[in-house]
Amino acid sequence: MSFDSSSLRHRAYDTLVVGGGFAGSVLAERLASQLGQRVLVIDRRDHIGGNAFDFHDEAGVLVHRYGPHIFHTNAPKVVEYLSQFTDWRPYEHRVLAQVDGKLLPIPINLTTINELYGLDLDSAGAAEFLAERATPGLEIKSSRDVVISQVGEDLYRKFFEGYTRKQWGIDASQLDKAVTARVPTRTTTDDRYFQDKFQMMPAEGYTRMFERMIAHPNIDFLPSVDFAEVRERVAYSHLVYTGPVDEYFGHCYGKLPYRSLRFEHRSFDQPHYQPVAVVNYPSPNVPWTRITEYKHLTGQVCAKTSITHEYPSAEGDPYYPIPTPENAELYRRYEALAEATPAVTFTGRLGTYRYYNMDQVVAQSLAVFARMAERSRSSEGQTRGESSSDSGWRVAA
């Protein structure tokens with residue numbers, strides 16, 4: 001529930017959660033429902049749900065404000081947990097890339113190869129085609145190495161080089177190999193972007209799911225509030241921090257680099273704009289990286305449609321930790337500070353400076369909760385004694 005911030009001085013909380021995305025909301029729900037804790041969730045933005053927030057725009061289309069969020073996982077426990085708060089719509093994500101004037105499936109598959117090069121290969125022929133162009137025996141150090149070791153220079157240039165430079169602001173040769181290792185190459189006609197066991201979308205959208213998640217009477221939600229604004233005003237016993245870990249420590253070692261995004265939303269008086277939900281634009285001559293049409297994701301039926309052009313940026317809200325060796329080393333210094341701050345739990349993408357899919361964030365939060373619950377049980381007697389006096393609460397300094 002939301003409430004007036006003027007009442008903060010009259011409330012005391014077991015846990016203050018900074019950030020209302022997946023990491024913070026899952027932990028808030030678990031702490032409230034399973035441990036009976038009193039929890040306050042705050043967020044800089046004016047809504048719950050973090051980057052997964054969706055809403056109905058002026059055209060009546062359910063859109064994702066911060067770019068497309070497609071749920072997929074191989075973890076039954078994650079599905080079981082989230083299913084308490086939503087029904088699901090089956091959805092298998094397919095992406096096309098505009099290359100050489102054609103819309104071709106990505107990840108690269110048998111159809112991609114045949115249509116791009118005017119061939120008629122079968123799966124065995126596609127495997128041989130790629131093997132002939134791959135760079136064998138390459139020591140895999142970077143994202144560029146991953147791609148050219150699998151598909152060779154030409155496909156790398158057509159599908160990855162320009163896209164990666166736009167997305168990350170640096171060449172793939174400077175990025176950790178994990179970035180492109182996430183994108184497979186197939187020699188079948190399977191054009192699904194993901195191959196996870198569970199692929200679906202929340203039937204009523206992500207925002208409705210989050211609203212149900214924090215509807216517990218022990219949870220208060222305060223939007224449009226920065227941590228710095230309330231840290232002197234709210235009493236709490238423990239802090240869960242899902243914001244940027246370097247920001248918490250005042251950037252004492254310098255800022256951790258992030259990539260941001262700018263979104264340009266448009267609506268059209270027509271049923272559809274493009275054949276699939278997402279079309280990638282790898283060309284360096286096109287300023288955006290992709291266009292998303294949301295009705296493909298949601299299954300919504302209406303006369304109009306809405307799209308989003310996505311522009312990577314060096315400035316703005318932090319979205320993606322930039323995976324380079326230098327940045328990993330800088331994060332380790334902040335990680336040491338975090339580990340030496342037992343009154344604070346740092347979690348989520350920004351709190352641990354790692355790129356996670358949504359299901360991974362949920363799994364991480366459930367694991368974090370399990371550890372917090374174990375500590376709570378082991379210190380239950382001590383906690384009960386402290387809670388009988390004001391010494392059990394503190395106001396953040």
Side-chain angles (χ1 to χ4, degrees), residues 1-50 53 210-252 317-318 334 337-352 361 365 368-369 371-373 375-376 379-380 382-397:
M1 59 175 288
S2 299
F3 70 103
D4 188 343
S5 62
S6 63
S7 64
L8 278 175
R9 291 189 181 277
H10 306 290
R11 297 173 184 246
Y13 294 93
D14 296 291
T15 301
L16 169 62
V17 176
V18 178
F22 272 105
S25 295
V26 170
L27 275 169
E29 188 280 327
R30 291 287 85 184
L31 291 168
S33 67
Q34 301 302 302
L35 298 185
Q37 288 196 10
R38 185 82 172 158
V39 181
L40 172 63
V41 180
I42 66 171
D43 201 290
R44 289 173 175 171
R45 293 169 170 167
D46 62 358
H47 56 74
I48 195 67
F53 173 74
F210 278 100
E211 288 171 347
R212 293 188 179 112
M213 198 179 296
I214 66 164
H216 194 282
N218 282 2
I219 299 175
D220 291 328
F221 174 56
L222 191 60
S224 304
V225 170
D226 191 275
F227 176 51
E229 298 176 51
V230 301
R231 65 185 304 170
E232 300 288 348
R233 300 167 53 201
V234 58
Y236 63 91
S237 291
H238 190 76
L239 176 66
V240 170
Y241 190 84
T242 72
V245 61
D246 56 326
E247 182 177 306
Y248 179 87
F249 291 108
H251 305 113
C252 61
D317 291 343
Y334 283 112
L337 290 180
E339 291 174 349
T341 311
V344 183
T345 296
F346 295 89
T347 190
R349 275 189 184 184
L350 305 182
T352 57
V361 175
S365 293
V368 168
F369 167 72
R371 293 193 293 270
M372 294 176 73
R375 288 196 298 269
S376 176
S379 61
E380 186 175 1
Q382 178 183 354
T383 302
R384 186 179 297 115
E386 290 177 349
S387 65
S388 63
S389 68
D390 288 342
S391 63
W393 304 99
R394 70 179 181 87
V395 174

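Remember, predicted model here, so these are calculated numbers, not experimental data.
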Practice task
For residues L350 and T242, report the shortest heavy-atom separation together with the two atoms involved.
Solution key: CB-O, 3.6 Å
Practice task
Kindly give the heavy-atom pair with the smallest separation between V41 and I219, and that separation in Å.
Solution key: CG2-CG2, 4.1 Å
Fill in the blank from the handout: Closest heavy-atom pair, E211 versus I48, reported as atoms and distance to 0.1 Å, is CG-CG2, 4.3 Å
Practice task
Taking the side chain as every heavy atom from C-beta outward, state whether V234 and L40 have any atom pair closer than 4.5 Å.
Solution key: yes
Handout entry: Heavy-atom side-chain proximity of M372 to L35 below 4.5 angstrom
Key = no
Practice task
Would you check if H238 and Q37 make a side-chain contact, meaning some heavy-atom pair closer than 4.5 Å?
Solution key: no
Handout entry: Proximity of F210 and F221 rings by center, below 6.0 Å
Key = no
Handout entry: Inter-residue atom distance Y248.OH - T341.OG1, 0.5 Å rounding
Key = 6.0 Å
Exercise for the section: Check whether any side-chain heavy atom of Y241 sits under 4.5 Å from a side-chain heavy atom of F227, and report yes or no. Expected result: yes
Handout entry: Value rounded to 0.5 Å, distance of CG in L239 from OG1 in T15
Key = 9.0 Å
Practice task
Classify the angle between the aromatic ring planes of H47 and F53 as parallel (below 30°), tilted (30 to 60°) or perpendicular (above 60°).
Solution key: parallel
Could you go through residues 16-29 and list every donor-acceptor pair under 3.5 Å that involves a side-chain atom there, pairing it with any protein atom two or more places apart or in another chain?
from : atom 1 : to  : atom 2 : distance (Å)
S25  : OG     : G20 : O      : 3.0
S25  : OG     : G21 : O      : 3.0
E29  : OE1    : Y81 : OH     : 2.7
E29  : OE2    : S33 : OG     : 2.9

Problem - Non-hydrogen atoms of R38 and Y13 that approach each other most closely - result: CG-CD2, 3.4 Å
Fill in the blank from the handout: Hits for salt bridge (charged side-chain N to carboxylate O under 4.0 Å, His left out) against R30, two or more places apart or cross-chain, chain-then-number order -> none
Practice task
Over all heavy atoms of both residues, which pair between V225 and L222 is shortest? Give the atoms and the distance, please.
Solution key: CG2-CG, 3.6 Å
Handout entry: Test item: D46 side-chain N/O and P223 main-chain N/O as donor-acceptor pair under 3.5 Å
Key = no
Problem - For D43 against R45, the heavy-atom pair lying closest together - result: OD1-N, 2.8 Å
Handout entry: CA sep, side-chain torsions, deciding dist, call: D14, L31, side chain to side chain contact (heavy atoms under 4.5 Å, CB included)
Key = CA-CA 9 Å; D14 296 291; L31 291 168; over 6 Å; no
